Amino acid sequence: QVQLMESGGGLVQPGGSLRLSCAASGSIFSINGMGWYRQAPGKERELVARITSGGTTNYADSVKGRFTISRDNAKNTVYLQMNSLKPEDTAVYYCKASIQGTDMVYRYYWGQGTQVTVSS
């Protein structure tokens with residue numbers, strides 16, 4: 001059907017940067033909104049950033065000024081540029097997309113998650 005493939009996670013020191021990517025593939029007619037969520041151990045999953053098909057963005061207060069979400073519609077890909085990383089950013093990061101399939105039905109899809117660890 002539809003798959004979201006994430007990449008770019010890893011281990012970085014505080015103050016470092018990472019760039020996450022998430023590419024959608026499959027029986028896709030169009031992609032509406034896309035976003036990034038994260039889940040730290042013992043905590044609930046939370047919204048980090050989202051972007052509409054028109055490019056309007058929203059960010060969690062905890063990442064404003066440090067993270068940037070963007071998308072490349074030609075590649076069906078959403079990115080999350082993470083700068084000035086802090087230990088509290090450590091979590092599994094998941095992408096999510098609202099995708100209209102070739103059957104014209106909108107559905108939500110989740111990526112498999114990628115680990116981001118910020119530590120000295």
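The shown structure was predicted, so the numbers you read here are calculated from the model rather than taken from an experiment. The figures here come from the full heavy-atom set of this structure, side chains too, leaving out hydrogens, waters and symmetry mates.
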Straight-line distance of [X] [atom1] to [Y] [atom2], nearest 0.5 Å:
X: Met34; Y: Lys96; atom1: CE; atom2: NZ; result: 12.0 Å
X: Thr77; Y: Leu4; atom1: OG1; atom2: CG; result: 10.0 Å
X: Thr117; Y: Gln13; atom1: OG1; atom2: CD; result: 13.0 Å
X: Thr114; Y: Leu18; atom1: OG1; atom2: CG; result: 8.5 Å
X: Arg50; Y: Ser98; atom1: CZ; atom2: OG; result: 12.5 Å
X: Glu6; Y: Cys22; atom1: CD; atom2: SG; result: 5.0 Å

Taking all non-hydrogen atoms of both residues into account, name the closest pair between [X] and [Y] and its distance.
X: Ile99; Y: Ala24; result: CD1-CB, 4.1 Å
X: Ala40; Y: Ala91; result: N-CB, 3.8 Å
X: Ile31; Y: Ala97; result: CG2-CB, 4.5 Å
X: Arg66; Y: Ser84; result: NH1-O, 3.0 Å
X: Met82; Y: Leu85; result: CB-CD2, 3.8 Å

| remark: With sequence neighbours left out, the residues meeting salt bridge (Lys or Arg N to Asp or Glu O under 4.0 Å) with Lys64 are Asp61
| said: I'd like to know if the side chain of Tyr59 reaches the main chain of Ile69, judged simply by a donor and an acceptor atom lying under 3.5 Å from each other, with no hydrogens or angles considered. | reply: yes
| query | Should the heavy atoms of other residues, nucleotides or ligands under 6.0 Å from CZ of Arg71 be counted, would the total exceed 12? | reply | yes
| Parallel, tilted or perpendicular: rings of Tyr93 and Phe67 (30°, 60°) |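 If you compare the ring of Phe67 with that of Tyr93, the planes turn out tilted.
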| request: Flag the pair Thr90 / Gln115 as yes when at least one side-chain heavy-atom distance between them is below 4.5 Å, and no otherwise. | output: yes
| said: Is there a continuous path of hydrophobic side-chain contacts, each under 4.5 Å between heavy atoms, that joins Tyr37 to Val92? | reply: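 Yes, it is one cluster - the side chains of Tyr37 and Val92 are joined through contacts under 4.5 Å.
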| request: Examine Val116 and Tyr94 and state if one hydrophobic cluster contains both, with Ile, Leu, Val, Met, Phe, Trp and Tyr joined whenever side-chain heavy atoms are less than 4.5 Å apart. | output: no
| task | Quick one: do Ser62 and Arg38 satisfy side-chain contact (heavy atoms from CB on, under 4.5 Å)? Show the steps, please. | result | CA-CA 12 Å; Ser62 59; Arg38 67 186 181 188; 3.4 Å; yes
